[in-house]
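To start, the structure itself, in structure tokens.
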Amino acid sequence: MTITLAQALLLGFFCGFAKCCMPYTPGAFMYNTVIFNAVIVGAVMGNMQQAMMIGATIQLIYLGVIAAGGNQPSDPCLAAYIAIPIAIASNLNTNAAIALAVPVALLGVQISNLVYLWNGFFAEKADTKAADGDTSGIFTWGVIIPGIIRWGVFGVLVFLALYFGSGTMKQILNSIPSWLSNGLTAMGACLPAVGFAIIANLIGKKKYIPFFLAGFFLVQYSKIGTMPLLLIGLFLVFLYLTFTKNEYLRSVDEEDDDDEEEEDEPTEELAPSTQMLTNKDLLKAWTKWWVFAEVGHSFERMQAPMFASAMAGPLHKFYPKKEDKPKLIEALKRHMNFFNTEAHWGGGPILGLSLAMEEKKSQSYDAIPGETIVNLKTGLMGPLAGIGDTISWSTLMYLFIGLFLPLAKKGNPLGGIGPIVCLTVICFAIGYFLTKKCYTYGYSFAENMLRSGLVNVIIAGASILGLFMMGGLTSTYVTVATPLKIVTGTYSTSVQSIFDSILPGILPLILVSLLWKMLSKDRNYFKATILTTLVSLALGCLGIIV
């Protein structure tokens with residue numbers, strides 16, 4: 001089978017769109033994962049079942065990959081759009097597809113870095129438009145043009161790789177000798193351990209490790225499915241939080257008492273009686289932020305042009321008169337300063353709070369210094385991003401993937417569609433709710449949410465459930481074993497059977513544990529991936545593991 005011109009063009013188009021990360025929730029899902037992109041590849045290539053099965057296997061490598069702070073350790077999206085179509089066209093097995101996906105994903109990161117670098121030029125052009133009070137110009141130069149270029153770069157790259165490079169790649173991969181094929185098989189068995197170790201490292205604390213082990217051995221001994229595993233995990237989380245939630249709430253109460261002693265004067269709350277924005281205005285501002293939050297991302301300003309664009313409509317309502325234009329310009333410049341956060345739990349509250357404070361400032365211009373608004377944004381964006389990255393991306397996203405992964409492994413497209421739909425509905429609702437509440441109640445709501453014991457309980461529960469599920473999934477999908485045998489005269493036994501009699505799944509557990517420990521000391525995902533690839537490939541070629 002060959003990849004046609006139309007297929008290469010379509011796959012390039014869809015990859016470019018996915019790399020624009022638009023709208024934010026489904027866009028970030030496609031940007032950081034393989035599984036939904038596999039649905040698109042399957043539809044274009046006309047082989048949904050094979051695309052989903054290959055995509056599910058590649059996805060295991062990239063569990064835990066999130067672009068926190070704008071830094072992405074690997075590029076699962078580009079890997080999906082190049083490795084899966086070539087594997088289908090060349091009739092390759094999943095191990096060969098993994099061998100192709102790993103270097104492509106690492107190359108994609110470097111290309112993304114170049115895109116983020118030159119997007120800084122467009123952010124500066126948006127600055128000139130802000131200085132003129134031209135909000136449409138900010139949107140054009142800060143969001144639209146970077147998005148088009150980003151789309152084009154990855155779209156052209158995928159088209160060229162698929163249309164002109166798939167034949168050569170097919171010849172190379174089909175000529176692989178048997179010993180190297182054994183090495184690739186071993187590599188395919190070991191690399192999922194990197195993904196599980198990354199996500200366990202992101203969401204896990206040492207005191208939660210027993211939950212990972214519980215999930216692992218429960219599946220090893222009982223072979224239960226994903227849904228029963230989830231139900232048992234929810235029950236364990238309920239029991240744990242029932243007996244320990246007071247610890248989280250008490251620690252927050254103690255912090256609040258300390259803060260009250262240190263504060264010289266109470267925090268002024270914004271009066272809700274003077275609000276000018278309707279629910280429709282808030283929904284429009286939130287939706288604009290949600291759709292475009294990552295499109296014009298740059299190293300120089302990160303998300304600033306997109307945030308300023310979301311603020312533009314309400315700012316025009318706050319400063320409707322021609323003589324108010326200098327104040328409008330000053331506000332636009334404020335929001336063109338460096339800004340970066342998670343768009344739901346961080347962007348929602350900060351957008352609502354910024355709208356409330358800008359509204360208050362427009363009604364009493366000297367009451368709130370512009371620096372206060374900037375400082376509040378800067379102070380909140382990091383802590384709130386930590387909450388969002390933990391709950392939305394490190395936990396919820398991979399929980400949904402884990403739940404639907406068995407369907408994907410069977411070739412069912414619902415395995416890719418289910419997670420993205422569930423995550424989008426939940427996170428969009430959370431973001432809008434937080435935007436509305438912070439606009440209505442001002443800083444007090446954001447502060448209480450940030451320091452709330454309830455948030456800590458949610459994070460603890462999500463972390464425990466995530467680790468429990470990752471333990472079970474590790475037991476299912478990390479399949480490394482050894483074919484070695486002990487032969488003495490008339491006696492012969494396999495080393496693997498000895499391991500299984502001692503502790504079932506001991507090799508996968510040791511592998512994930514070593515990677516987990518390595519990443520806890522040095523969060524270098526690139527190093528972990530390369531090291532696992534080289535060691536597993538070598539051991540596989542030597543016939544030590546499979």
Side-chain angles (χ1 to χ4, degrees), residues 122-145 268-293 295-296 301 303-339 343 347-378 380 431-446:
F122 300 113
E124 292 179 359
K125 291 290 291 183
D127 277 340
T128 63
K129 299 301 179 181
D132 296 331
D134 181 2
T135 53
S136 63
I138 295 174
F139 186 64
T140 299
W141 282 101
V143 183
I144 299 300
I145 292 178
E268 180 182 353
E269 295 186 7
L270 298 175
S273 58
T274 56
Q275 290 174 345
M276 301 166 61
L277 300 181
T278 64
N279 287 337
K280 184 178 179 180
D281 294 327
L282 291 174
L283 180 60
K284 186 176 180 180
W286 157 249
T287 302
K288 191 170 187 179
W289 162 249
W290 178 76
V291 171
F292 298 106
V295 176
R301 303 294 177 82
Q303 300 167 317
M306 287 68 75
F307 192 87
S309 296
M311 293 287 296
L315 286 175
H316 276 294
K317 196 168 186 177
F318 298 154
Y319 301 108
K321 299 178 182 179
K322 188 175 181 180
E323 57 266 29
D324 290 333
K325 190 171 183 179
K327 297 178 181 178
L328 172 66
I329 291 172
E330 183 183 333
L332 290 172
K333 287 182 176 180
R334 271 195 296 275
H335 296 293
M336 279 298 295
N337 286 328
F338 179 94
F339 181 74
I350 294 173
L351 177 63
L353 179 59
S354 297
L355 291 172
M357 299 203 59
E358 289 289 359
E359 181 181 74
K360 184 75 173 180
K361 184 171 178 62
S362 70
Q363 295 164 353
S364 181
Y365 199 73
D366 295 328
I368 300 179
E371 294 79 5
T372 300
I373 301 175
V374 174
N375 291 340
L376 279 173
K377 285 176 60 181
T378 303
L380 288 173
Y432 176 60
F433 171 80
L434 294 175
T435 300
K436 188 175 179 180
K437 289 298 181 181
C438 282
Y439 170 70
T440 304
Y441 298 108
Y443 182 74
S444 61
F445 183 87

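We use all heavy atoms of the structure for the numbers below, so side chains are in, but hydrogens, waters and symmetry mates are not. Index from 1, following the sequence. Computed from a predicted structure; not experimentally measured.
- When atom types are taken as modelled, the side chain of Thr128 and the backbone of Lys125 share a donor-acceptor pair closer than 3.5 angstrom.
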Output side-chain donor-acceptor pairs under 3.5 Å for residues 137-144, partner residues at least two apart or in another chain, one line each.
from, atom 1, to, atom 2, distance (Å)
Thr140, OG1, Ser136, O, 2.9

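- Checked by atom type and distance alone, the side chain of Ser362 pairs as donor or acceptor with a backbone atom of Glu359 at under 3.5 Å.
- Ile350 contributes atom CD1, which lies 13.0 Å from atom CD1 of Ile373 (distance to the nearest 0.5 angstrom).
- The list of ring pair (Phe, Tyr, Trp, His ring centres under 6.0 Å) pairs with a residue in residues 311-335, not counting sequence neighbours, reads Phe307-His335.
- Sorted by first and then second residue, the pairs that involve residues 323-337 and meet salt bridge (Lys or Arg N to Asp or Glu O under 4.0 Å), not counting sequence neighbours, are Glu330-Arg334, Arg334-Glu358.
- A distance of 10.5 Å separates CG in Asn375 from CG in Leu380, rounded to the nearest 0.5 Å.
- Closest of all the heavy-atom pairs between Arg301 and Ala123 is CG-CB, 3.7 Å.
- By the neighbour-count criterion of 12 heavy atoms within 6.0 Å, atom NZ of Lys317 is densely surrounded, having more than that number from other residues, nucleotides or ligands.
- At a threshold of 4.5 Å between non-hydrogen side-chain atoms, the residues Met311 and Trp289 do not count as touching.
- Cation-pi geometry between Lys436 and Tyr439 is not met at under 6.0 angstrom from the ring centre and within 45 degrees of the axis.
- The side-chain heavy atoms of Met276 and Gln363, taken from C-beta on, include a pair separated by under 4.5 Å.
- Put simply, CG on Asp127 and CG on Asp132 are 11.0 Å apart, with the number rounded to the nearest 0.5 Å.
- Summarising the geometry, atom CG belonging to Leu283 is positioned 10.0 Å from atom CH2 belonging to Trp286; distances are rounded to the nearest 0.5 Å.
- Residues Leu332 and Gly133 come closest through the heavy atom pair CD1-CA, 4.0 Å.
- In the model, Asp281 has a side-chain atom that pairs as donor or acceptor with a side-chain atom of Thr278 under 3.5 Å.
- The minimum heavy-atom distance between Pro305 and Met336, with the atom names listed, is CA-SD, 3.7 Å.
- With values rounded to the nearest 0.5 angstrom, Tyr432 atom OH is found 11.0 Å from Leu351 atom CG.
- Note: Asp134 CG to Ile329 CD1 = 10.0 Å, rounded to the nearest 0.5 Å.
- Formation of a donor-acceptor pair under 3.5 Å by the Thr372 side chain with backbone atoms of Ile368 is not found in this model.
- Counting heavy atoms from C-beta outward, Lys377 and Asn337 have side chains that stay 4.5 Å or more apart.
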